[in-house]
J.: 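The structure under discussion is supplied below as structure tokens; questions concerning it will follow.
Atoms within each ligand, like the ligands themselves, are counted from 1 in listed order. Atoms considered below: every heavy atom in the structure, side chains included; atoms not considered: hydrogens, waters and symmetry mates.
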Amino acid sequence: MDHFLYRNGQLHAEDVAVQDIAATVGTPFYVYSTATLTRHFKLFDDALKGLDHLVCYAMKSNSNQAVIKLLSDLGAGMDVVSGGEYLRAKAAGVPGDRIVFSGVGKTHEEMRMAIEGGIRQFNVESEPEINVLSEVATSLGATAPITIRVNPDVDAKTHEKIATGKSDNKFGIPISRARDVYAHAANLPGLEVVGIDVHIGSQLTQLEPFELAYRKVAELTETLRADGHMIKRLDLGGGLGIPYERSNEAPPLPTEYGDLIKRTVGHLGCEVEIEPGRLISGNAGIMVSKVIYVKSGENRKFLILDAAMNDLIRPAMYGAYHDILPVVEPEPGREHVKYDIVGPVCESGDTFAKQRFIPPVASDDLVAFRSAGAYGAVMSSEYNTRPLIPEVLVHDDQFAVIRPRPTFDEIINRDTIPTWL
Ligand code: PLP
């Protein structure tokens, strides 16, 4: 459930009419709902009640500092995957002891930054990384808490580009080699092994792959404990999917996911962390765009919008589906029209939907893309010298621009022309 509903014939974000935001900030833009973000965080937090736990929001899904602060104020930890995300979390006021650092390619500099600024744990992913972290921590006279990310070789049954738990993916160490790698890490200075980490992919719409992975982690916990390691924390990753196509998708609920966690690892007495991103921010945001032209092709109608693949790349990159609806509520029973819904970028890949039936719209009408709060703004670019689009946060009847649209001067003046030209 989210807080984007028609009221009095107009799409609202909580108590704010979307067209009022458009009139103030121009189009296209993203708008996020405080109530939805809050609700989604609490669903996870409640689902893990009874376990010592921390919900570490995966900032990669939407890293605007207003979103981070909102979630952090509710008690969320953060899962970061770069030095930049680490600094963003700190800038938004997240304490270091609630930040976990994931990712396969952490640099010396990122490790140093996180050790100096405070970190809950590094989720390390390879032997070379373990060695470098040991060196960096030792050189700083510090001890870095680590979990080791294991790759359980489980098929997440999701899009291949966001599956991470199979043996041919770049992530984690093969679970079959875990005992050796833990023994190696335990012997190095500057490291404290605190647990195990696993993350098998994103947009999972079934619980079974989680169950397979978590059972393997539970077994490994017992084995490593028998080897003398103190496994007190399990980071179980993120990945629970959301219904993008609401008419025919119903992924498992956070409560079912929480029950699964309790069933598979609850008996181990570990502190449990999870790293959900998409389920917290995805349906908490929409992207709003204006129709520039309706163009008739040889055999189809094109709806040409002022938003493009640079603003929301998921359809072009993953063939992803987003519900697209008019901001003015269509009259009941109005016949739908079939469009190819596209942006103005000079690539045929700049297509949001092909042959999609939606209520008829005309030039200057506004349309909203649902489920755009995750992996939307964060993956946008200025391709075709199109400014990054504003992000807006709504709270009841108030709204605030939380990232303004840059001016063309700001974009163009970032380039420098060498003196020899
Ligand atoms: N944790 C890690 C290590 C990830 O790589 C990701 C995303 O792929 C997530 C958490 C968040 O996944 P999701 O947004 O699907 O919950």
J.: Sequence neighbours left out, what passes side-chain hydrogen bond (donor to acceptor under 3.5 Å, both in side chains) with N384? Give chain and number order.
T.: none
J.: Got a second to check how far I261's CD1 is from L51's CG, nearest 0.5 Å?
T.: 7.5 Å
J.: Could you list each N/O atom of ligand 1 together with any protein N/O atom closer than 3.5 Å, one pair per line with the distance?
T.:
unit_1, atom_1, unit_2, atom_2, d
ligand 1, 1 (N), D79, OD2, 3.2
ligand 1, 1 (N), E275, OE1, 2.6
ligand 1, 5 (O), K60, NZ, 2.9
ligand 1, 8 (O), H199, NE2, 3.3
ligand 1, 14 (O), R278, N, 2.7
ligand 1, 14 (O), Y375, OH, 2.6
ligand 1, 15 (O), S202, OG, 2.4
ligand 1, 16 (O), G239, N, 2.9
ligand 1, 16 (O), G277, N, 2.9

J.: What residues, two or more places apart in sequence or in another chain, satisfy salt bridge (charged side-chain N to carboxylate O under 4.0 Å, His left out) together with K106?
T.: E129
J.: Can you check whether T36's main-chain N or O pairs, donor with acceptor, with D2's side chain at less than 3.5 Å?
T.: no
J.: Apply the salt bridge (Lys or Arg N to Asp or Glu O under 4.0 Å) test between E273 and each candidate in R233, R98, K232; give the one that qualifies.
T.: R233
J.: For K69, what residues pass the salt bridge (charged side-chain N to carboxylate O under 4.0 Å, His left out) criterion, not counting sequence neighbours?
T.: D73
